[in-house]
Amino acid sequence: MIGRTVWYKLINGKLVPMVVSDERGGHGIGTGDIDQDGRTDLLGPDGWHQAPARSGDPWIHHSDWTLGAAGISIIAHDFDDDGDVDLFWGMGHDYGLYWLEQGRNDMGQRTWTRHAVDEEWSQAHGLVLVDLDMDGKMEVLTGKRRHAHNGKDPGGDDPLIVCTYGFNLDSREFTKTNISSGGEVGAGHYPVPVDIDRDGDLDIVLPGKSGLYLLVREDPETRDEESIKSITE
């Protein structure tokens, strides 16, 4: 894989690139403490870079997975509540959202099991981990990007959607909740959950090729999808 992975550090008022790898980088990136050593690792489509214990030491790359052209970002979170970190990602230029379940084999080695979450829509570019309904559990907020490659990607002209996925511990599957579907509201590179009207709940700002939209949760008590409307002007 040809690419480059860097992060930026503010030094003397300037953002200075800190090189993680001059040889690895690709479509999709994320952060998370994969090995639970208290340091933030960098996640990519072909594995993860382990953060060094000391500044200036090399980042060690682990080729644990192959995700494909993942969107932004690759989510790291303990979805199944078993004490380790799992992954969730969408295909930025194709159909499908997936999760990687982390586990251990009989020798104590790290394993990854891939599960399909939703293969009904394409171009999930922007993904955000957030407790959108404020129930104490994190969900993945995402949506279809309109014409990521100017309509050339699979499903480029399919209906737009904005939705969340929350993990059900009993069924061990993700449950989808539609926020907007079939209209003009889509998600670009990065949905922004924010309490923009300061009424105590989270609204969603959605910039992208489909336009700039604000989804406002009208009733902080019910917090259901019927209480959400879009404001486009």
Side-chain angles (χ1 to χ4, degrees), residues 1-7 20-32 34 41-49 61-77 79 86-101 112-130 139-165 174 176-193 204-213 215:
M1 173 176 287
I2 299 174
R4 193 169 189 246
T5 302
V6 301
W7 63 281
V20 174
S21 173
D22 276 322
E23 300 176 349
R24 290 184 178 273
H27 200 292
I29 196 166
T31 61
I34 295 296
D41 307 307
L42 292 179
L43 321 178
D46 67 337
W48 57 287
H49 292 277
H61 186 263
H62 301 269
S63 300
D64 284 8
W65 57 69
T66 299
L67 307 184
I72 305 170
S73 64
I74 302 166
I75 302 295
H77 181 66
F79 288 103
D86 311 300
L87 301 186
F88 188 110
W89 79 101
M91 302 301 289
H93 297 281
D94 207 338
Y95 284 90
L97 296 103
Y98 305 90
W99 73 288
L100 273 184
E101 177 185 1
W112 298 94
T113 304
R114 178 171 174 148
H115 306 273
V117 175
D118 190 344
E119 297 179 318
E120 295 298 316
W121 57 278
S122 70
Q123 300 179 74
H125 242 86
L127 296 86
V128 179
L129 186 68
V130 60
E139 304 93 37
V140 176
L141 168 64
T142 186
K144 179 179 175 63
R145 184 186 180 198
R146 182 188 291 278
H147 290 176
H149 278 165
N150 297 323
K152 298 178 181 180
D153 292 328
D157 292 319
D158 288 354
L160 296 174
I161 187 172
V162 179
C163 57
T164 62
Y165 294 91
F174 280 89
K176 177 183 178 181
T177 300
N178 286 342
I179 297 175
S180 175
S181 60
E184 294 298 317
V185 183
H189 279 114
Y190 200 81
V192 181
I204 309 170
V205 179
L206 293 161
K209 288 185 176 181
S210 52
L212 175 61
Y213 291 88
L215 302 184

Original post:
Is the backbone of G71 close enough, under 3.5 Å, to the side chain of H125 for a donor and an acceptor to pair up by distance?
Top reply: no

Original post:
How many angstroms lie between CG in D94 and CG in D153, if you round to the nearest 0.5 Å?
Top reply: 7.5 Å

**OP:** Report yes if some heavy atom in the side chain of T164 is under 4.5 Å from a heavy atom in the side chain of V130; otherwise report no.
**Re:** no

Original post:
Nearest heavy-atom pair of L129 and A76: which atoms, and what distance?
Top reply: CD2-O, 4.3 Å

Original post:
Measuring from L87:CG to R114:CZ, what's the distance to the nearest 0.5 Å?
Top reply: 11.0 Å

Original post:
If you round to the nearest 0.5 Å, how far is CG of D41 from CH2 of W48?
Top reply: 5.0 Å

Original post:
Any side-chain heavy atom of P193 within less than 4.5 Å of one from V128?
Top reply: yes

**OP:** Given side chain to side chain contact (heavy atoms under 4.5 Å, CB included), test D158 with W121 step by step and report yes or no.
**Re:** CA-CA 8 Å; D158 288 354; W121 57 278; 5.9 Å; no

Original post:
Counting distance only, does the side-chain N/O of W65 pair as donor-acceptor with the main-chain N or O of L100 below 3.5 Å?
Top reply: no

Original post:
Would you find a donor on one side and an acceptor on the other, under 3.5 Å apart, between the side chain of S122 and the backbone of P154?
Top reply: yes

**OP:** Look at the aromatic rings of W99 and F174 and report parallel, tilted or perpendicular, splitting at 30° and 60°.
**Re:** perpendicular

Original post:
For E184, what residues pass the side-chain contact (heavy atoms from CB on, under 4.5 Å) criterion, not counting sequence neighbours?
Top reply: R146, Y213

**OP:** Locate the shortest heavy-atom distance separating P159 from G182; write the atom from each residue and the value.
**Re:** CB-CA, 4.1 Å

Original post:
Which one of T142, T177, D118 satisfies the side chain to side chain donor-acceptor pair (under 3.5 Å) criterion with Y165?
Top reply: D118

**OP:** Determine whether H77 and F88 make a side-chain contact, defined as any pair of heavy atoms from C-beta on separated by less than 4.5 Å.
**Re:** no

Subject >> Evaluation steps, side chain to side chain contact (heavy atoms under 4.5 Å, CB included), between D157 and H147 >> reply: CA-CA 7 Å; D157 292 319; H147 290 176; 2.7 Å; yes

Subject >> Euclidean distance, D46 CG relative to S63 OG, rounded to 0.5 Å >> reply: 6.0 Å

Subject >> Nearest atoms (heavy-atom pairs only) where I74 meets G28 >> reply: CD1-C, 3.9 Å

**OP:** Could you tell me which non-hydrogen atom of G186 sits nearest to which non-hydrogen atom of L206, and how far apart they are?
**Re:** O-CB, 3.6 Å

**OP:** Applying side chain to side chain contact (heavy atoms under 4.5 Å, CB included), run through L43 and L67 and close with a yes or a no.
**Re:** CA-CA 10 Å; L43 321 178; L67 307 184; over 6 Å; no

Subject >> Closest contact, heavy atoms only, V205 versus L212 >> reply: CG1-CD1, 4.0 Å

Subject >> Heavy-atom side-chain contact between E23 and H61 under 4.5 Å >> reply: no

Subject >> Check: I161 and K176 side chains under 4.5 Å, non-hydrogen atoms >> reply: yes

Subject >> Shortest non-hydrogen contact from L127 toward I75 >> reply: O-CD1, 3.8 Å

Subject >> Worked verdict on H49 versus R24 for side chain to side chain contact (heavy atoms under 4.5 Å, CB included) >> reply: CA-CA 10 Å; H49 292 277; R24 290 184 178 273; 4.1 Å; yes

Original post:
Can you find a pair of side-chain heavy atoms, one from V162 and one from P191, that are under 4.5 Å apart?
Top reply: no

Original post:
Does any donor atom in the side chain of W112 or D64 lie under 3.5 Å from an acceptor atom in the other side chain?
Top reply: yes

Subject >> Y95 atom OH: more than 12 heavy-atom contacts under 6.0 Å >> reply: yes

